[in-house]
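Below, chain A is the first sequence line, B the second, and so on; all start at residue 1. Source: prediction; values computed, not measured.
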2 protein chains.
Amino acid sequence: MSGTVADLRTLRRELTRRRILDAAWELAREQGLPGLTMRDLGAGVGMRAQSLYSYFPSKHAIHDAMFAQGNRALLDRYAEKDAADAGDRGRDRDNPDARLCRLNRIWLEFCAEDPVRHQLLIQRPIPGFEPSAESYRAAAEVLELTRAAVHACGVTSPRAFDMFTGLTAGLAAQQNANDPGGTRWLRLADEAVEMFLQHYRHRHGGSP
Amino acid sequence: MSGTVADLRTLRRELTRRRILDAAWELAREQGLPGLTMRDLGAGVGMRAQSLYSYFPSKHAIHDAMFAQGNRALLDRYAEKDAADAGDRGRDRDNPDARLCRLNRIWLEFCAEDPVRHQLLIQRPIPGFEPSAESYRAAAEVLELTRAAVHACGVTSPRAFDMFTGLTAGLAAQQNANDPGGTRWLRLADEAVEMFLQHYRHRHGGSP
DNA sequence: GTCTATATTTGGATAGAC
DNA sequence: GTCTATCCAAATATAGAC
């Protein structure tokens, strides 16, 4: 019996943690990531700021949890969308170019739909913030996924991969900085991949 | 006579303003842009924080002055380097591709040599900060310079120019975020321009 | 022109009552 | 588990003496 009670407690606690994180995202979207304060966050979930310390040991821990959440959300998005768009039809082997375009679109849309999340995951807007090892693992997983997709297109040099990450990171950054909510750079996604593949496949690559 | 005295006073005042801004850059480079405080800044020039208000009406005004300084520095860099590398020899007309590569290298090196300045000029790390109109003018001038250089290479579509700014912004962002002080993305500068021109000149462009 | 003194606000975090 | 009551630190900014 006491086991069940403990489980319920843990569950309630976890739910409240989620509510706090949801409110944190909402506030960060409104006033920017540095503008997120314990006071406002407490008010956002109907608590005093001090009560938050029952759920997170520090503000840093909240940032870290958000970072981890963001990376997991991206991995989930890949799993959903990538599978939904082509997995069943088995086109992954047949057309690696299309898959790279797809992954690139998923990434760019993910970045554009929440500039604050993009900021937290990609740039480092919080001075002393270093994410935990577990959070880094998810980020590295995303990178490897992308690298594999580029390789599958016949482009294998590290230089080329750096160019790819630069290209796609730039489109996301420009979109959020200069046309937030729009599609001015988003719409260049496929064109960018095409440009990239044309250049690197013919130079260092394998099959056309 | 009183005019001379007034001039001296203005001069001294202007010199102190410069000293304050120099110290501001130094501190920002050390502790990040949000870590710049009036206290530390005062200490950096041998004053109390309160005395700074004799030179700048607010912290915001200091940020704005830094923003303007940064943009002017970039324009100066273009004027110096671009002219020094090719102006005398008059290659600008003969080889627009080389000029675009040159401008791109100047820009990337400028961004990489001071990540904090890059952050201030390109991204918007300070929540409520909006630069003054005069500062914006310099930034727009930079953009037009680049657009003209891309046009000279026979690439005229706005889409293509957006791709160019995305590409080059991404290289700078990746360099500073993932390899500060290194050259991992910097060295891709010419290759990026080559890739870009090959793609867009053959598609929408003019002469090869 | 710079200082001391101070006002004001804000934010992160702890202790202990209930 | 949440609250009240505080603490402490830091930061922007103003007033007035020297």
Side-chain angles (χ1 to χ4, degrees), chain A residues 2 4-24 26-28 30-67 120 125-130, chain B residues 2 4-24 26-28 30-67 120 125-130:
Chain A
S2 72
T4 303
V5 171
D7 285 358
L8 274 174
R9 259 207 279 270
T10 313
L11 183 64
R12 277 192 69 85
R13 188 185 158 78
E14 203 49 43
L15 279 171
T16 308
R17 277 177 62 101
R18 291 287 283 265
R19 269 180 54 229
I20 292 170
L21 289 180
D22 288 349
E26 194 184 324
L27 280 170
E30 284 170 11
Q31 340 175 337
L33 218 37
L36 176 65
T37 70
M38 298 298 273
R39 279 217 223 292
D40 294 349
L41 182 51
V45 293
M47 283 183 196
R48 303 269 108 175
Q50 300 91 316
S51 302
L52 297 172
Y53 289 88
S54 300
Y55 299 95
F56 295 94
S58 68
K59 191 185 183 183
H60 183 95
I62 294 177
H63 281 142
D64 194 56
M66 292 171 77
F67 184 83
L120 178 61
I126 301 159
F129 173 61
E130 275 305 306
Chain B
S2 71
T4 305
V5 170
D7 286 356
L8 275 173
R9 259 208 279 270
T10 312
L11 183 65
R12 277 193 69 85
R13 186 184 159 80
E14 204 50 42
L15 280 171
T16 308
R17 277 177 61 101
R18 291 288 283 263
R19 270 179 53 230
I20 291 170
L21 289 180
D22 288 350
E26 194 185 324
L27 281 170
E30 284 169 9
Q31 339 174 337
L33 218 38
L36 176 66
T37 69
M38 299 297 272
R39 277 218 226 292
D40 294 349
L41 182 52
V45 293
M47 283 182 196
R48 302 269 111 174
Q50 300 92 314
S51 302
L52 297 172
Y53 290 87
S54 300
Y55 299 95
F56 295 93
S58 67
K59 192 185 183 183
H60 183 95
I62 294 177
H63 281 143
D64 194 56
M66 292 171 77
F67 185 83
L120 179 61
I126 301 159
F129 173 61
E130 276 304 306

- Close side-chain approach of B:Val45 and B:Thr16, heavy atoms under 4.5 Å: no
- Note on the structure: Under a 4.0 Å heavy-atom criterion, the protein footprint on nucleotides 1-13 of chain C, written with B, S and -, is SBBBBB----BSB
- Message: Within the 4.5 Å heavy-atom criterion, are A:Met66 and A:Leu21 side-chain neighbours or not?
- Response: yes
- Any pair with a residue in residues 47-65 of chain A that passes side chain to side chain donor-acceptor pair (under 3.5 Å), sequence neighbours left out, goes on the list, sorted by first then second residue, please. A:Asp64-A:Ser132
- Message: Quick one, B:Gln31 and B:Thr37 - any side-chain contact, counting heavy atoms below 4.5 Å?
- Response: no
- Message: Can you tell me how far apart CG (B:Leu15) and CZ (B:Arg12) are? Round to the nearest 0.5 Å.
- Response: 8.0 Å
